[in-house]
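The structure under discussion appears below in the form of structure tokens.
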Amino acid sequence: MIRWGLCCIFKEQPITFRRATAAFLSKKNRSEQLRYLNGLVLHNAEALYAALCFCKDNGIGDFRINSQILPLKTHPELGYAIGDLPDGQLVEEKFRMCGTYSRDHDVRTGFHPDQFTLLSSPRADVTAKSIDELAYQAELADLVNADVINIHGGGAYGDKASALERLLRNIENLPDAIRSRLTLENDDRVYSPGDLLPVCLETGIPFVYDVHHHRCLPDGVGIEETTELAMKTWNREPLFHVSSPLASWHGKNPRNHADYIDLPDFPECWIHLTITVEVEAKAKELAVKDVMSHFLKPRII
DNA sequence: AGCGGTCAAGTTGAT
DNA sequence: ATCAACTTGACCGCT
């Protein structure tokens with residue numbers, strides 16, 4: 001049985017997440033900043049609850065939470081703690097309600113920190129800021145009961161072996177709140193499954209297998225074998241990603257995502273697995289419902 | 001109310 | 001050298 005996942009936002013549903021810009025906020029004094037952020041974050045906490053309700057009502061068992069749900073949380077000048085907000089208690093309560101709802105209705109949630117979150121960089125400042133970002137997402141994950149914080153390997157910096165060593169060492173030094181949720185995903189230009197699986201095995205970090213990225217950046221190992229290896233890295237329900245290229249696999253940029261999933265792109269060997277598959281498609285909830293409908297056709301007999 | 005330039009952060013590869 | 005892509009368009013000043 002596949003648990004289908006929706007990523008971050010909606011195409012048609014009137015559920016939106018607000019954001020803030022640093023340029024705008026930095027023109028205000030601190031208490032005005034916190035008041036502005038307070039309203040915005042309350043809105044986002046309520047939107048998350050609505051998103052989880054939509055998922056449950058539509059048979060969608062997984063929702064990826066946008067990293068910007070607490071905008072500028074770790075910004076060097078504008079950053080804040082939830083407790084700094086005028087209604088901090090209420091904000092926390094609303095996120096906890098999301099956590100209760102997702103537990104009661106079995107809607108899995110997770111985070112995917114953005115491209116600036118790197119545990120392989122040679123720059124100590126980049127690593128430190130990344131760990132800050134991961135700590136923030138772990139704190140929020142605690143409130144909302146999210147069990148995954150998924151990142152990529154990052155850059156190669158001209159020497160992939162050294163970068164992988166830094167990645168490994170940084171993972172091993174992470175606090176447990178982060179490490180217990182952290183996962184590694186293959187990307188489409190630097191780190192293939194073959195690069196990351198050894199790190200996952202050594203650290204006990206689960207491997208998020210993105211089959212689209214694997215097709216963009218192959219490593220000589222087939223989808224079936226990689227699926228099996230990925231499954232073994234998980235101590236809970238495995239999480240995989242699927243998407244289709246915008247133009248075609250042979251076009252100039254197959255990395256761009258299409259609106260919907262082209263059914264042949266879904267690996268046959270996944271069909272009978274007990275896994276979560278997050279659908280990375282521009283049509284969002286419409287794409288998830290579309291792909292689900294292909295698997296829910298009434299069976300003969 | 002609607003338009004459009006702009007938005008914290010790192011790294012890569014296409015142009 | 002610039003720029004889009006990456007999990008995602010949304011924000012906000014201007015008219």
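All values reported here derive from a predicted model rather than from experimental measurement. In what follows, every chain begins at residue 1, and chains take the letters A, B, ... in the order their sequences are listed.
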Using a cut-off of under 3.5 Å, enumerate the N/O to N/O pairs linking the protein to nucleotides 2-5 of chain B.
none

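Cluster annotation: A/L217 and A/V199 are assigned to distinct hydrophobic clusters (Ile/Leu/Val/Met/Phe/Trp/Tyr, side-chain heavy-atom contacts under 4.5 Å, transitive). By the criterion of side-chain heavy atoms lying less than 4.5 angstrom apart, applied directly or through intervening Ile, Leu, Val, Met, Phe, Trp or Tyr residues, A/Y80 is grouped together with A/I131 in one hydrophobic cluster.
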Review item, side-chain donor-acceptor pairs of residues 40-56 of chain A, under 3.5 Å, at least two apart:
| residue | atom | partner | partner atom | Å |
| --- | --- | --- | --- | --- |
| A/H43 | NE2 | A/T16 | O | 2.9 |
| A/N44 | OD1 | A/R18 | N | 2.7 |
| A/N44 | ND2 | A/R18 | O | 3.0 |
| A/N44 | ND2 | A/I69 | O | 2.9 |
| A/E46 | OE2 | A/K94 | NZ | 3.1 |

Could you list the donor-acceptor pairs under 3.5 angstrom formed between side-chain atoms of residues 221-232 of chain A and any protein atom two or more places apart in sequence or on another chain?
| residue | atom | partner | partner atom | Å |
| --- | --- | --- | --- | --- |
| A/T226 | OG1 | A/G222 | O | 2.8 |
| A/T227 | OG1 | A/I223 | O | 2.7 |
| A/T227 | OG1 | A/W270 | NE1 | 3.0 |

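Contact annotation for A/T117: no contact, since no heavy-atom pair falls under 4.0 Å across all strands.
Listed by chain and residue number, A/R3 satisfy the salt bridge (charged side-chain N to carboxylate O under 4.0 Å, His left out) test with A/E237 (two or more places apart in sequence, or in another chain). Scanning for side chain to side chain contact (heavy atoms under 4.5 Å, CB included) contacts around A/A287 gives A/Y260, A/V279, A/A281, A/A283, with sequence neighbours left out.
For the pair A/K289 and A/E285, the salt-bridge criterion is not met [side-chain N within less than 4.0 Å of a carboxylate O].
In this model, no donor atom of one side chain and acceptor atom of the other lie less than 3.5 Å apart for A/H112 and A/E278. Inspection of the A/H214 and A/Y209 side chains reveals an N or O donor paired with an N or O acceptor under 3.5 Å.
Within residues 143-151 of chain A, no residue is approached by DNA chain C to less than 4.0 Å at the level of any non-hydrogen atom. Contacts of residues 154-175 of chain A with DNA chain B (heavy atom under 4.0 Å): A/G155, A/A156, A/Y157. Within residues 75-82 of chain A, the residues having any heavy atom closer than 4.0 Å to DNA chain B are, in order of number, A/H75, A/P76.
Within the structure, the side chain to side chain donor-acceptor pair (under 3.5 Å) test picks out the following pairs touching residues 129-148 of chain A (sequence neighbours left out): A/S67-A/Q137, A/T74-A/E133, A/R103-A/N145, A/R108-A/D147, A/E133-A/Q137, A/D142-A/R181, A/D147-A/R236.
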Would you sketch DNA chain B in dot-bracket for me? Only Watson-Crick or G-U wobble pairs with both distances under 3.5 Å count, crossing pairs as [ ], other-strand pairs as |, the rest as dots.
|||||||..||||||
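Contact of the A/N150 side chain with the A/H241 side chain is registered, since non-hydrogen atoms from C-beta on lie closer than 4.5 Å.
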Protein proximity profile, nucleotides 7-15 of chain C - base contact B, sugar-phosphate-only contact S, no contact -, cut-off 4.0 Å on heavy atoms:
BBBSSSS--
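Through direct or relayed side-chain contacts under 4.5 Å between Ile, Leu, Val, Met, Phe, Trp and Tyr, A/L118 connects to A/V126, A/Y157.
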